[in-house]
Number of protein chains: 2
Amino acid sequence: MSQTVPIGTVSRETGIKVPTIRYYEEVGLLPSPARTDSNRRSYDAAAVQRLRFIRHARELGFEVEAIRQLLTLSDQPDRSCADVDSIARSHLTEIDEKIAKLTALRSEVQRMVDEGEHGRVAECRVIEVLGDHGSCLHERH
Amino acid sequence: MSQTVPIGTVSRETGIKVPTIRYYEEVGLLPSPARTDSNRRSYDAAAVQRLRFIRHARELGFEVEAIRQLLTLSDQPDRSCADVDSIARSHLTEIDEKIAKLTALRSEVQRMVDEGEHGRVAECRVIEVLGDHGSCLHERH
DNA sequence: TCTTGATCCTCTAGTCGCTAGAGCATGTAG
DNA sequence: CTACATGCTCTAGCGACTAGAGGATCAAGA
């Protein structure tokens, strides 16, 4: 009934490369789709939607494992939202850390660019700045 | 004269794992250090400093190739600072993009967490937010 | 002196999330 | 009917590590 499309079309519609779609199937993010007589994958709208979800989540930095969890949860909609919530929450922390690091980096690199415009590398702050004196952003593990 | 230390000590001092230090040597980020009679690597203060630089830069999101460029430049300090400057500048753009994406992500995930606190997965905004309706952060490539 | 256990060495292989290519089978347009 | 695009499977590669095998060496205690 509802229209199905080959993998190339799905690729164009979702912006996910063909081998990557097959990879997502292989690792279980995407259920194996129906096949045509000649063994070609044919996807329905739900699959396309799911791939869009996956792409979006990947772009937002969720790891495949996290996406798998989210998809599993959304596949069994009776479970409490707390599970989804905790996944999201742990990502929030992670994201905040990344933003903090990048912001620090930004100002350091900006300073490089500002100060390093005249003269030679020898006078450049680059190496020094990324050394480890002074602003120690990160504790060791 | 100046004191040298084995790889384990360097690892502890820099927070970089032993195999990773050897890996950095292998890929040419770190010059091969002197060896003891029994063939063990022994590092001087400069090597430790260089590793700290590498670690810091890695944590801040520089790729190994970019670090290699920066280190190469700093190893031959006669070259114009313009080279370092252009590397730094291109990173600045990259960093700004990363920050922008993460900031957008942060607010989306925050919204998920805020709104998704009650009820079941079926009603959860998380899945919805990650769907693809509405706020499309990213153009397709 | 002996022995225990930590540390070191090299080497190979595995991880994640793709990506690229070989070699072949189909589909579609002129 | 011939191109040529698209699909298939399979294997191998990427970056940046990480883990483990199997062996040598070191430092400290009994």
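Values below: all heavy atoms of this structure, side chains included; hydrogens, waters and symmetry mates excluded. Throughout, a chain's letter reflects where its sequence line sits, starting with A, and its residues are numbered from 1.
Positionally, the nearest nucleotide of DNA chain D for P6(A) lies more toward the 5' end than for the other of P6(A) and E65(B).
Among the nucleotides dG17(C), dC17(D), dC8(C), the one closest to the side chain of V18(B) is dC8(C). For R58(B), whose side chain is taken as the heavy atoms from C-beta onward, the closest listed nucleotide among dG7(D), dT18(D), dA16(D) is dA16(D). When the nucleotides dT9(D), dC17(D), dC8(C) are ranked by their closest atom to the side chain of N39(A), dT9(D) comes out on top. Comparing dC8(D), dG7(D), dT26(C) by their nearest atom to the side chain of R41(A) picks out dC8(D). The side chain of E63(B) lies closest to dA16(D) when the candidates are dT7(C), dT9(D), dA16(D). Checked against dG17(C), dC8(D), dT18(D), the side chain of K17(B) finds its nearest nucleotide in dT18(D). Closest to the side chain of Y24(B), from the set dT9(D), dG27(C), dC17(D), is dC17(D). The R40(B) side chain lies nearest to dC26(D) when the options are dT10(C), dG7(D), dC26(D). Between dT19(C), dC17(D), dT10(C), one nucleotide has an atom nearer to the side chain of Y23(B) than all others, and that is dC17(D).
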Check step by step if side chain to side chain contact (heavy atoms under 4.5 Å, CB included) holds for Y23(A) and L29(A).
CA-CA 9 Å; Y23(A) 169 76; L29(A) 281 194; over 6 Å; no
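The CD atom of E26(A) sits 12 Å away from the P atom of dC16(C) (whole-angstrom rounding). Straight-line distance from the CZ atom of R35(A) to the P atom of dA25(C): 17 Å, rounded to whole Å. Atom P of nucleotide dC17(D) and atom CZ of R68(B) are separated by 12 Å, given to the nearest angstrom. If you take CG of L51(A) and P of dC18(C), they are 12 Å apart, rounded to a whole angstrom. Rounded to whole Å, atom C1' of dT19(C) lies 14 Å from atom CD1 of I16(A). Rounded to whole Å, atom P of dC18(C) lies 12 Å from atom CZ of R55(A). Between the C1' atom of dC16(C) and the CD1 atom of I67(A) lies a distance of 13 Å, rounded to the nearest Å. Rounding to whole angstrom units, CD1 of residue I7(A) and P of dT19(C) are separated by 14 Å.
Nearest heavy-atom pair, I16(B) versus L51(B), reported as atom, atom and distance to 0.1 Å: CD1-O, 3.4 Å. Minimum heavy-atom separation, V18(B) to G8(B): CG2-CA, 4.2 Å.
Remark: R22(A) is not in phosphate contact with dA20(C), judged by side-chain N or O atoms under 4.0 Å from OP1 or OP2. Phosphate contact (OP1/OP2 of dT18(D), side-chain N/O of T20(B), threshold under 4.0 Å): present. When the side-chain nitrogen and oxygen atoms of S38(A) are compared with OP1 and OP2 of dG27(C), one or more of them lie within a distance under 4.0 Å.
Between the R52(A) side chain and the E13(A) main chain, a donor and an acceptor come within less than 3.5 Å of each other. One N or O on the side chain of R68(B) and one on the backbone of V27(B) form a donor-acceptor pair closer than 3.5 Å. Counting only distance, with no hydrogens or angles, the side chain of R55(A) and the backbone of T14(A) share a donor-acceptor pair below 3.5 Å.
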